[in-house]
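See below for the structure under consideration.
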Amino acid sequence: MARPRNSRNALAWQAAVILLPVIALAALGAFYLRQDRLLVRHEAEERARTLAHEIAEKLWRGLTNSAGVSEEYAFRIDDDGALLFPPPYQKAPEPRPLDLAKLTSEQTALWQQRDAATLWRLLETDMPADFQAVANYRYATALVAEKRLTEAHEAFRRVYQRSPRAVSEAGLPVALMAGLKALELPSDISGTKWARPLSWDILCGLAIAEPSALTTTILERAARTGALSASRMGERREQWETHEALRELYRASCDQVSSSDVAPIFWIRSGGERWLASRIEQPTNHWIVCRQIDGTAKGEGSRATNNPSDRLRAMRVTVGPDAQIAPASLGDLLQPDVIPNYLSLGLVAANEPVIPAPTAPVLAAATHAENGRDLLKVSLHLARPELLFARQRQRVVWFGLLIAVSIVAALLGLSSAWRSFQRQERLAELKDNFVSSVSHELRAPIASVRLMAEGLERGRVQDPEKQHEYYHFIVQECQRLSALIQNVLDFSRIDQGRKQYEFESADVLRLVHETVKAMEPSATERQIMLRLPPPAETSLNAVIDARAIQQALINLIDNAIKHSSPGSEVIIKVSRQTTGAKQTLEISVEDHGEGIPKSEHERIFERFYRVGSELRRQTPGAGIGLSIVQHIVDAHGGRVRVESEPGKGSRFAIEILLKG
Ligand code: ADP
């Protein structure tokens with residue numbers, strides 16, 4: 001029992017040696033792949049952290065940089081938060097009734113009249129300053145009514161030039177009213193050269209720079225006359241609308257901007273729109289730069305989108321297409337390669353989202369704080385992990401394949417180890433049988449030879465015929481023994497690879513004939529007839545190892561005798577077969593014994609293999625005869641064929657190539 005246990009242990013060791021490295025490799029690989037994934041994530045986090053910080057700082061610089069302040073979308077306030085630019089005005093003009101008590105009684109009487117002559121007389125009196133511009137304007141209007149247009153033009157000029165700051169009783173700027181009237185007079189009335197130049201464009205500019213309830217009227221009239229080119233008119237209109245929008249933004253943020261605690265950036269809500277305002281400090285006053293975040297930016301389509309670059313662009317363009325706030329710093333962020341494709345951006349300014357944070361997990365966030373207040377928060381989210389881990393996944397697949405291949409190789413190794421273990425077991429079993437068979441094969445003849453030799457020696461056998469029979473038997477048994485020993489020795493040489501063949505030309509017919517003759521006694525003993533039909537040729541020479549071929553033939557004839565029933569015959573044939581240039585020598589041994597099942601035809605040539613179970617076997621033998629035959633024939637470059645069926649006898653044929 002020691003041998004199976006030892007070989008089982010050896011097999012277990014082999015299995016361990018084969019499987020352990022694969023298991024260790026798989027475990028190590030899994031561990032390192034996991035580490036690899038963690039590392040990739042860690043690197044992405046590092047990168048995101050740097051990027052978030054950079055974006056926050058760039059945005060902050062962009063938002064609070066004074067270099068690019070554009071008047072178009074920025075209003076200016078003083079230290080107390082009062083609006084400086086665009087110039088403030090009251091939408092509903094405030095009436096400024098003139099105090100008639102300041103006039104003399106004569107002047108009051110003249111003031112009541114509306115005709116030009118009376119008003120001229122009034123103008124010649126010494127009137128208080130605030131009455132003068134209004135009186136002049138009234139006089140000019142009266143001249144228009146009296147169709148004295150050249151004089152009217154002159155009168156309007158005077159008002160426009162001399163009283164730029166005067167205000168009418170209705171609270172409107174008198175100079176602008178006069179300018180408007182003068183420009184509306186027919187164009188051929190060009191009088192003296194105006195000291196203060198006047199044109200529709202200049203008047204529009206003045207009306208915007210000194211805003212009043214009159215500004216829209218002036219812009220409308222200017223447009224109606226067509227005096228300005230469409231683009232210039234558009235510019236003036238846009239300028240006015242921008243100023244109005246900025247005043248509206250100022251109104252909406254008035255409380256915030258005048259508070260001493262106003263943050264550098266804050267939100268203004270006006271007309272359903274959100275504006276991100278930043279306060280840019282300057283020595284005497286401050287700019288409040290406004291950027292529209294949601295809704296429509298000037299000249300651009302809708303910006304209500306979640307795409308970060310659109311949002312950032314919206315922040316940029318609202319400043320006005322010509323004057324962008326630090327375009328480089330915000331523009332950089334729009335480069336598609338700045339934010340890796342697996343990340344998406346969330347942006348919160350002054351506690352309100354600019355770009356809503358994506359639902360994906362945050363990789364990194366950076367905050368810009370001023371005076372303990374978080375004013376800008378940039379977060380980068382892992383929106384598309386499949387892109388980040390693409391290469392790592394590739395490595396997993398490759399490693400998985402490697403492991404799979406190693407497992408397959410290990411399993412193949414294991415199965416081959418298992419097969420060889422089984423073969424070893426079987427071989428060991430067969431060897432055991434072989435030893436007992438050989439011992440049995442030796443013991444029986446030696447015992448009978450010894451009995452007979454002792455009988456002869458002690459003179460117990462007197463009958464000369466009997467004596468002769470004994471001698472004959474002893475010789476025969478010794479021959480059989482030496483044949484068996486020859487087989488065993490040959491087998492051992494073959495097994496150790498020491499068997500050598502000596503090839504020389506020999507007459508095969510003679511060799512077969514002699515062999516059959518030598519086997520005859522043992523055939524006769526079993527009442528079997530050996531028949532060698534006369535061959536077609538008288539001699540058949542071939543280069544062979546004659547001793548070896550004879551031994552192979554003895555083994556085949558011996559098997560045929562052993563497996564034939566008494567009274568039957570064994571036919572030995574020698575023939576030369578020619579097919580084309582090929583010539584073969586065939587020596588066959590045919591019996592009419594029990595035959596061999598087809599399934600055993602191959603196995604009977606294996607070493608130690610014997611058909612049937614060891615206990616049931618009737619015929620003597622050690623299971624090496626046919627394996628020796630096979631080896632000898634192989635050494636001659638030939639082959640052994642077996643044709644047999646149970647109950648129909650067997651035919652073994654040795655084929656050796658002679659030519660071709
Ligand atoms: P053994 O010493 O047992 O004869 P061999 O190698 O010569 O060993 O033969 C292997 C087995 O093949 C035998 O045990 C036998 O069962 C079978 N065998 C060989 N020759 C014949 C035959 N002529 N008829 C039937 N069985 C045979």
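Just so it is clear, the structure is predicted and the values come from calculations on it, not from any experiment. Counting convention: from 1, in listed order, for ligands and their atoms alike.
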Subject >> Phe652 heavy atom under 4.0 Å from ligand 1 >> reply: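 So Phe652 counts as touching ligand 1.
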**OP:** Report yes or no: does a heavy atom of Gly623 sit under 4.0 Å from some atom of ligand 1?
**Re:**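 True for this residue.
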**OP:** Please say whether the positively charged group of Arg641, taken as NZ for Lys or CZ for Arg, lies over the ring of Phe652, i.e. under 6.0 angstrom from the six-membered ring centre and within 45 degrees of the axis.
**Re:** no
Provide the number and element of each atom of ligand 1 under 4.0 Å from a heavy atom of [X].
X	result
Ile624	6 (O), 8 (O)
Lys562	1 (P), 2 (O), 4 (O)
Arg610	3 (O), 14 (O)

Original post:
Are more than 12 heavy atoms from other residues, nucleotides or ligands located less than 6.0 Å from atom CZ of Arg526?
Top reply: yes
**OP:** Mark yes when over 12 heavy atoms from residues, nucleotides or ligands other than Tyr32 sit less than 6.0 Å from its OH; otherwise mark no.
**Re:**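 Atom OH in Tyr32 is not packed in, count stays at 12 or less.
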So between [options], whose heavy atom ends up nearest [atom]?
atom	options	value
atom 4 (O) of ligand 1	Ile557, Asn559, Ile561	Asn559
atom 22 (C) of ligand 1	His592, Glu594, Arg607, His563	His563
atom 23 (N) of ligand 1	Ile604, Leu556, Asp591	Asp591

Original post:
Do any pairs count as a salt bridge (charged side-chain N to carboxylate O under 4.0 Å, His left out) and have a residue in residues 628-640, sequence neighbours left out, and if so which ones?
Top reply: Arg639-Glu655
**OP:** Could you note down all residue pairs passing salt bridge (charged side-chain N to carboxylate O under 4.0 Å, His left out) where residues 458-467 supplies at least one of them, sequence neighbours left out?
**Re:** none
Original post:
Is there a side-chain contact between Val570 and Met529, using heavy atoms and a 4.5 Å cut-off?
Top reply: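 No - every pair of side-chain heavy atoms lies 4.5 Å or more apart.
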Looking only at heavy atoms, is any part of [X] under 4.0 Å from ligand 1, and if so is it the side chain, the backbone, or both, or is it neither?
X	answer
Glu600	neither
Ile596	side chain
Tyr609	backbone

Original post:
Aromatic rings His468 and His472: how do their planes relate, parallel, tilted or perpendicular, breaks at 30° and 60°?
Top reply: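 Aromatic pair His468/His472 classed parallel.
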**OP:** Let me see the working for Thr584 and Arg576 under side chain to side chain contact (heavy atoms under 4.5 Å, CB included), right down to the final yes or no.
**Re:** CA-CA 6 Å; Thr584 42; Arg576 186 207 303 260; over 6 Å; no
